[in-house]
Amino acid sequence: MKPNRNRGGVFISVEGPDGAGKTTQLQMLQDKLEEHGLEAVMTREPGGTVIGEQIRKILLDPKFTEMTVICEVLLYSAARAQLVAEVIRPALLSGQVVLCDRFVDSSTVYQGYAGAEDPGRIKEINLWAVGGLLPDRTILLNIDAEAGLDRLRKKRQGPAPAGDRMEQKALAFHRRVQEGFLQLASQEADRFCIIDAAQDLKAVHRSIWEDVRPLLQERALIT
Ligand code: TYD
């Protein structure tokens, strides 16, 4: 299936390795949009629907050490199909701004580049699952694997964090995640905006806003 951009509202995804600070930055972006009178729809992956949250529990449960990467691909894409059908597409059709905490690129990178399944096939399966929908803009919060995992540890304030099943993977896996995102971003340079997530929170937020603002102005959503 060929990728297509939406014709209604604006679809923005935020991607990056674990610990890049996506969730905090998405919250800051949502607040900023609100200051401009825009109420954005925020979703998270995997999850964001009743069915998706159930799938999330299976995917992130540390006890399922036997899960194959192909099983992961299909579960993530199943949750995503539901999220697009129930939440994202209707919101875009009604002209809203949708902020998505991870999307198809996370599968291409985590299960493909880092998980050693074919990234091209993963993208194809996912494009089928989401009816070809890709974000108008993807913000890549780039951070070294070590620095990202360190942040997660500090956040949890424990010396040896348990983490969820995906976070428990080896450092080498997380390095491939960072490299995979950068590779994807270079292949689709017009969709991606790479931001250095090692900067302080406010600086990262400013960089995101500088990138997103013209897009929203172009669509006449803000002045
Ligand atoms: P994450 O956004 O880090 O959730 P939280 O901030 O709630 O911990 O996502 C959870 C994990 O799922 C993360 O390690 C990345 C992984 N993941 C994939 O491997 N493939 C995917 O398609 C998605 C959406 C996430």
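In each ligand, atom 1 is the first atom listed, and ligand 1 is the first ligand listed. In this chain, residues are counted from 1 in sequence order.
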Fit a plane to each ring of H36 and W209, take the angle between them on a 0 to 90° scale, and name the class: parallel (under 30°), tilted (30 to 60°) or perpendicular (over 60°).
-> tilted
Is I70 atom CD1 crowded by more than 12 heavy atoms from other residues, nucleotides or ligands, each under 6.0 Å away?
-> no
Carboxylate-amine/guanidinium contact K155 D150, below 4.0 Å | no
Below 4.0 angstrom, N of the basic side chain to O of the carboxylate: do E15 and K22 qualify?
-> no
Members other than V50 in its cluster, when Ile, Leu, Val, Met, Phe, Trp, Tyr link by side-chain heavy atoms under 4.5 Å?
-> none
Expected rows: ligand 1 N/O, protein N/O, dist below 3.5 Å:
unit_1	atom_1	unit_2	atom_2	d
ligand 1	2 (O)	K22	NZ	2.9
ligand 1	2 (O)	R102	NE	2.8
ligand 1	7 (O)	R56	NH2	2.7
ligand 1	9 (O)	R102	NE	3.4
ligand 1	12 (O)	Y76	OH	3.0
ligand 1	14 (O)	D18	OD1	3.2
ligand 1	14 (O)	D18	OD2	2.8
ligand 1	17 (N)	Y76	OH	3.1
ligand 1	19 (O)	Y76	OH	3.4
ligand 1	19 (O)	Q111	NE2	2.9
ligand 1	20 (N)	Q111	OE1	2.9
ligand 1	22 (O)	R80	NH2	2.9
ligand 1	22 (O)	S107	N	3.2
ligand 1	22 (O)	S107	OG	2.6

Aromatic ring proximity F11/F103, centre distance under 6.0 Å = yes
